[in-house]
Amino acid sequence: MAQEDVFKKVVSHCKEYGFVFPSSDIYDGLGAVYDYGQNGVELKNNIKQYWWQSMVLMHENIVGIDSAIFMHPTIWKASGHVDAFNDPLIDNLDSKKRYRADVLIEDQLAKYDEKIEKEVAKARKRFGESFDEEKYRETSPRVQEELQKREALHERFSKAMNDSNLEELRQIIIDEEIVCPISGTRNWTEVRQFNLMFKTEMGSTAEGAFTVYLRPETAQGIFVNYLNVQKTGRMKIPFGIAQIGKAFRNEIVARQFIFRMREFEQMEMQFFIKPGTELDWFDTWRKTRMAWHQNLGFGAENYRFHDHDKLAHYANAATDIEFRMPFGFKEVEGIHSRTNFDLSQHEAYSGKSIKYFDPELKESYVPYVIETSIGVDRMFLSVMCHSYCEEQLENGETRVVLKLPAALAPVKLAVMPLVKKDGLPEEARKIIDDLKFHFNCQYDEKDSIGKRYRRQDAVGTPYCATVDYDTLNDGCVTLRYRDTMQQERVKISDLRGIIEDNVTITSLLKKLK
Ligand code: ATP
């Protein structure tokens, strides 16, 4: 299946099976805002649990908080968001469509990459077994030509971004002959900066209302609480604070479904360390976070690091973990070494000392910070895209199955009476009443067994148990496995033992190295 088709199918599957709905659907939706449905919320909660437990349960020195969305407006001045949380935007005068100038150029860079990969793929086919890929990349004039063009563009782009040179960004778009995907023309406006923060007013006008922002990241809530937590929790450096919560960004170009939303959720952990140890810790968290992703079993080849060339002025190392989405490798998580920038800024703007007293060194300092920041919704999208599968069956039918990691699946076990009479429904409900304390079960009696299996496959339920007439005599059910479709007769009393160990978040955590 072509990758664009996979993506389209995932989007419609999400709606059809209660995972994700456009927000305000009956009013024709609201741009880049989405609601999670009955299955989506379970999957999303499981992703959050996997993250939270891997941070807070698995590390003695990491604790969680839940800070407010509204914060003192000066926080966003101190963090740099009021002045510099901008995207460069450009409009096409013919289509009247607005784009992020940097994204247009990044897409162009990806086109060079694609050309190079196509050349290599062609050569691989032509030369067969004897193909020496490394040598070909170094010696093929065509590959070299594209590579040089790519490198030149990349260098020019990085410099323009580092210098915030908007005229140069526009010139690059002109020189590269980038066209608007809608109108196909090169009729571009100037590039302008656009602040991504949503504003609202707090307090009544009589009291004097003032502007507050909807937080564009959860991290600042951690920074301004770091000393509260350190003191009340008697935390010693190195230690971390984790938080899951909503963030809001007025994204200019909201596209690709839940990949880029205006209201989304982040899972962030700030790790406070002694200055000078940051590069070692950066390396540790880089590896730890990659292991967390790969533990889901989606294949190491579907992940890569993308180290940043353009570092924020305060950062001294940064990398993204990218996942192979149907529309290419895309950032799912960022890992940043942020020095003491944020804490020092809050010290300066609040006028309060937020130094840490190190009992071993017997000195005070502003800690350095390593941040890990992952979007719940992007993670959700990567899980859905990887799990969506269409299988050709022997009887010629196609089955759609979500091969979700069992620990993330919304429903773990569906219990189905073969018929809706003769005591079978009661027997099925008895099984659920017993097992529902241990994992999520669903009762399903409508339609033929075949249809019910398909329905459960489509939402990723790893196990189905069918109650039939024999069950009433032998205390056994037919257990059917989602991925293999194999069935076996098992005792009702064995169900919990067979299923529980494979479907809990604990089972995933135990596999983490
Ligand atoms: P991008 O370059 O894609 O805009 P970013 O580098 O600005 O992302 P960060 O500020 O590092 O993103 O945010 C950390 C994480 O939050 C990202 O890796 C991503 O998973 C998630 N995230 C950021 N913006 C959005 C958004 N608009 N919608 C959904 N998730 C987002």
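As the structure lists them, so they are numbered: ligands from 1, and atoms in each ligand from 1. Predicted model only: the values in this text are computed from it and were never measured. Worth knowing before you read on, the calculation uses all heavy atoms, side chains too, and leaves out hydrogens, waters and symmetry mates.
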Output side-chain donor-acceptor pairs under 3.5 Å for residues 68-81, partner residues at least two apart or in another chain, one line each.
{"from": "His72", "atom 1": "ND1", "to": "Thr74", "atom 2": "N", "distance (Å)": "3.1"}
{"from": "His72", "atom 1": "ND1", "to": "Thr74", "atom 2": "OG1", "distance (Å)": "3.1"}
{"from": "Lys77", "atom 1": "NZ", "to": "Asp83", "atom 2": "OD1", "distance (Å)": "3.3"}
{"from": "Lys77", "atom 1": "NZ", "to": "Asp83", "atom 2": "OD2", "distance (Å)": "3.2"}
{"from": "Ser79", "atom 1": "OG", "to": "Ile75", "atom 2": "O", "distance (Å)": "3.3"}
{"from": "Ser79", "atom 1": "OG", "to": "Trp76", "atom 2": "O", "distance (Å)": "3.3"}
{"from": "Ser79", "atom 1": "OG", "to": "His81", "atom 2": "N", "distance (Å)": "3.3"}
{"from": "Ser79", "atom 1": "OG", "to": "His81", "atom 2": "ND1", "distance (Å)": "2.6"}

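- The ring pair (Phe, Tyr, Trp, His ring centres under 6.0 Å) test applied to Phe223 returns no partner, not counting sequence neighbours.
- Near ligand 1, residues Arg100, Arg249, Glu251, Phe259, Arg260, Met261, Phe264, Gln266, Glu331, Val332, Glu333, Gly334, His336, Ser373, Gly375, Arg378 come within 4.0 angstrom through at least one heavy atom.
- Counting non-hydrogen atoms of neighbouring residues, nucleotides and ligands closer than 6.0 angstrom, the CD atom of Glu155 reaches no more than 12 such neighbours.
- Centroid-to-centroid, the aromatic rings of Phe323 and His293 stay 6.0 Å apart or farther.
- By the salt bridge (charged side-chain N to carboxylate O under 4.0 Å, His left out) test, Arg156 is found to be paired with Glu168, Asp175, residues two or more places apart in sequence or in another chain being considered.
- Heavy atoms from other residues, nucleotides or ligands lying under 6.0 Å from CD of Glu167 number 12 at most.
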